[in-house]
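Here the structure is laid out as structure tokens; the discussion comes afterwards.
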Amino acid sequence: MTETTGSARSATSAREEILRRVRRALADVPRGERSEVDRDYLAVHGARSAGENIDLLAENLAEYRAHVHRSGEAEIAVTVARLLAERGSRSAAVPGGLPEDWLTRVPPEVTLIHDSPDLTAQRLDAVHSVISGCALAIAETGTIVLDGGPGQGRRLLTLVPDHHICVVRVPEQIVGSVPQAFAVGALVPTRPQTWIAGPSATSDIELDRVEGVHGPRILDVVLLGAA
Amino acid sequence: MKDVYLGMPSFPEAARTATKDERLRANLTRATHTIRDKRAKAVTEIEDWAELVEAGKAIKDHTLRHLDEYLLQLEAKVTEAGGQVHWARDAAEANRIVAGLVKAADGGGDQIREVVKVKSMATQEIGLNEALAAEGVAAYETDLAELIVQLGDDLPSHILVPAIHRNRTEIRDIFRANMARYGRPAPEGLTDAPADLAEAARLHLREKFLRAKVAVSGANFMIAETGTLVVLESEGNGRMCLTLPETLISVVGIEKVIPSFRDLEVFLQLLPRSSTAERMNPYTTMWTGTAAGDGPRTFHLVLLDNGRTDTLADTVGRQALRCIRCSACLNVCPVYERAGGHAYGSAYPGPIGAILSPQLRGTASEIDASLPYASSLCGACFEACPVAIDIPEVLVHLRARVADAEPGHRAERAAMQAATYAMTHPAAYRAAEAAAIKARRLLPPDRKLPLGPAKAWTETRDLPELPKQTFRQWWKENHR
Ligand code: SF4
């Protein structure tokens, strides 16, 4: 099609022209200028022990209306089963790589749906819950980061169901602050990431905060190892 | 194709109409004050706010001064990660590119008649929805506030809370009357409780998310080093749009690039606290090109100029390109509070709109020539800005530009209209303005800000030379 050739040519020239405009606009910038950014901000706000970080994470998550639970390794299966029962869940999605021993007490009336390529968003729309791990959690901001690693899976798994049970291993998966989340090298920038701070919310109607518009309306966070 | 804001009256005229709307004013006042108070708390909670502001400003300035290099790096990384990069000189070109991509998204079948959208100021700026409509493609806004605006056939009035001028009863009526026209109708007996309204929106939009083949978004940040795009949001509609459809098209201004992944540690602290007064917004999504088995299979990035390079060429005005669209400057602005967002005649209301629109579009039109006068130069916006944009400085600079362009003619008229507005607008406005000015008079003689914990703040916050009164005075002093 001649049309394609024409638009391809104009596409190239758009790129060249914008770059030319940028360079012309920056005529005042000395060639080879290299400025350093002063990073005088703090790496972390205040000194806290590992235990205090766990408490702060729990507090901040709760302030943004997540439900926070603590569980030892031995009780994790019971905790997961209890949370599914409390929410009246009948089905739960399970990402690949989720530790099987978290699921050993799930009652038979809850159907576990292991992730597979044919688990589409349409099918997930009928699934009540999802159980996942995480990549790390940030105490100061009450934030959980998912990066699609083992036990977290594809992004839609933790998006479409209305109830998300998210397990954070503490203290090892907790960092104190946002800069620490970037410093530890735990996050691989090129993996799809979802940062979660409390359940979905809006303040668009007269600035009243309402939980749950499109993401999971119930976020249960289990701090594993903090019994 | 309809240009959204074409034929807008100039600022003083539009503001006069808006200030007469009691309900709009009441909603705006309540909203801006609520956000303002909450924000102050979120900002004072961390003691290094001033250093974060300084770093945010420095990162943005550095990027802008080497913009060509970072754009090329970004392009290479996005392409490497499986994305396709397009360049658009202006709105028309961007709209043409997006329309073409939507039509080609089903392999040339030309069957796609709708796209879902996540709130984006860039697409608002270029009038993308109208352009797509002209091509027979419906663009559905999925932010609750944008949905309200779209169903109510309205223009947004605030960057962050576009439906800030609507109260809950109006929203219920809009949902009842118009949801059925676009898809799933509002539930029977819908009340005006915010939770019920949110539930109605959830059901209405879930249907659209599940069947959408194409999504259109903007982005808060683009990382040159990795090719990663970042979207911050609250409701989860962003995650839906960025995750479920097969094709994702992101339209992003060229000034949104930042050098490195690590730079996010600054902006992920500045932006949520400054915009929604939260320690962190509920959801942030980051993606790099396409990922096997996770999310869209096709990703297009449309890099938009549309006046940004003109803005960049002005060594005083280019600081406006640092803006991270937090809307803090709106919430502290006495003029915005009185006039409302619609009066600014562009996608960018409030103080940032007053300096950005005349630079992006030039000052040829009545509204753009009058925007630099839509301020009393009280300086509250500068104090609130998380990337230290000296809005009063740019306003004064742009006033000079307007005056130089057409001495004694259109510029004078714009200023006279502004002055008329100032003299006729409600006393309540003067009170707000006076309060802001009074606050500044309390400043010590060295004109540094007296903010306790934020000592380095004053490094960036040297106040510009400001008139002691309003722009009426300023005009008198500068024009015989
Ligand atoms: S100018 Fe500053 S305060 Fe206003 S929206 Fe932009 S970043 Fe926020």
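Treat the numbers as computed from the prediction; the structure is a model and nothing was measured. What you see below is based on every heavy atom in this structure, not just the backbone, and it leaves out hydrogens, waters and symmetry mates.
Summarising the geometry of B/Arg202 relative to A/Gly215, their closest heavy-atom pair is NH1-O, 3.2 Å, with the distance given to 0.1 Å. When every heavy atom of A/Val160 is checked against every heavy atom of B/Arg206, the shortest pair comes out as O-NH1, 3.1 Å. Taking each heavy atom of A/Val178 and B/Gln269 in turn, the nearest pair found is CB-CG, 3.9 Å. Here the closest non-hydrogen pair linking B/Gly236 and A/His214 is C-CB, 3.7 Å. Residues B/Phe261 and A/Phe182 share a closest heavy-atom pair of O-CE2, 3.4 Å. Contact record, A/Pro30 with B/Arg65: CD-NH2, 3.9 Å, taken as the closest heavy-atom pair.
Contact annotation for B/Asp61: neither backbone nor side-chain heavy atoms come within less than 4.5 Å of a heavy atom of chain A. For B/Leu232, no part lies near chain A; criterion is any non-hydrogen pair under 4.5 Å. The contact between B/Thr228 and chain A is made entirely by side chain atoms (from C-beta outward), counting heavy-atom distances below 4.5 Å. For chain A, no part of B/Ala81 is nearby; none of its heavy atoms comes within less than 4.5 Å. At a 4.5 Å heavy-atom cutoff, B/Arg308 makes no contact with chain A through either its backbone or its side chain. When heavy atoms are compared at a cutoff of 4.5 Å, B/Glu69 approaches chain A solely by way of its side chain, counted from C-beta outward. Of the two parts of B/Leu244, only the side chain, counted from C-beta on, holds a non-hydrogen atom closer than 4.5 Å to a non-hydrogen atom of chain A. For a residue to count as touching a neighbouring chain, one of its non-hydrogen atoms must lie under 4.5 Å from one of that chain's; by this rule A/Pro179 touches chain B with backbone and side chain alike. When heavy atoms are compared at a cutoff of 4.5 Å, B/His86 does not approach chain A at all. For A/Leu187, the parts sitting under 4.5 Å from any heavy atom of chain B are the backbone and the side chain alike. When heavy atoms are compared at a cutoff of 4.5 Å, A/Asp162 approaches chain B by way of both its backbone and its side chain. Of the two parts of B/Glu45, neither the backbone nor the side chain holds a non-hydrogen atom closer than 4.5 Å to a non-hydrogen atom of chain A. The part of B/Thr142 that comes within reach of chain A is its backbone (N, CA, C, O), which places non-hydrogen atoms under 4.5 angstrom from that chain.
For the set A/Arg24, A/Gln122, A/Glu140, A/Glu33, the count of heavy-atom pairs under 4.5 angstrom toward chain B peaks at A/Glu33. In terms of non-hydrogen atom pairs under 4.5 Å with chain A, the most contact-rich of B/Asp314, B/Leu72, B/Ile97, B/Ile223 is B/Leu72. Residue with the most contacts toward chain B among A/Asp28, A/Leu219, A/Asp38, A/Asp147: A/Asp28 (heavy-atom pairs, distance under 4.5 Å). By number of non-hydrogen pairs under 4.5 angstrom with chain A, the leading residue of B/Ile254, B/Leu303, B/Val266 is B/Val266. Between chain B and the residues A/Ile196, A/Asn60, A/Ile18, the largest count of heavy-atom pairs under 4.5 Å involves A/Ile18. Among the candidates A/Leu26, A/Thr194, A/Asp40, the residue making the largest number of heavy-atom pairs closer than 4.5 Å to chain B is A/Leu26. Most heavy-atom pairs under 4.5 Å with chain B, from the set A/Thr190, A/Leu146, A/Leu159: that is A/Leu159. Counting heavy-atom pairs closer than 4.5 Å to chain B, the top-ranked of the candidates A/Ala181, A/Pro189, A/Ala183, A/Pro192 is A/Pro189. Ranking B/Leu205, B/Thr285, B/Asp305 against chain A, the residue ahead of the rest is B/Asp305, based on heavy-atom pairs under 4.5 Å.
Taking CD from A/Gln193 and OG1 from B/Thr288, the interatomic distance works out to 8.0 Å, rounded to the nearest 0.5 Å. Here B/Arg239 contributes atom CZ and A/Leu156 contributes atom CG; the two are 10.0 Å apart, rounded to the nearest 0.5 Å. Atom CH2 of residue A/Trp195 and atom CG of residue B/Leu268 lie 5.0 Å apart, to the nearest 0.5 angstrom. Atom-to-atom distance recorded for B/Arg89:CZ and A/Glu16:CD is 10.5 Å, nearest 0.5 angstrom. In this structure, CD in B/Glu278 is found 5.0 Å from OH in A/Tyr64, a value given to the nearest 0.5 Å. With rounding to the nearest 0.5 Å, the separation of CD in B/Glu265 from CZ in A/Arg39 is 6.0 Å.
For the salt bridge (Lys or Arg N to Asp or Glu O under 4.0 Å) criterion with B/Asp68, the lone passing option out of A/Arg23, A/Arg20, A/Arg21, A/Arg15 is A/Arg23.
Other residues, nucleotides and ligands contribute at most 12 non-hydrogen atoms within 6.0 Å of the NZ atom of B/Lys77.
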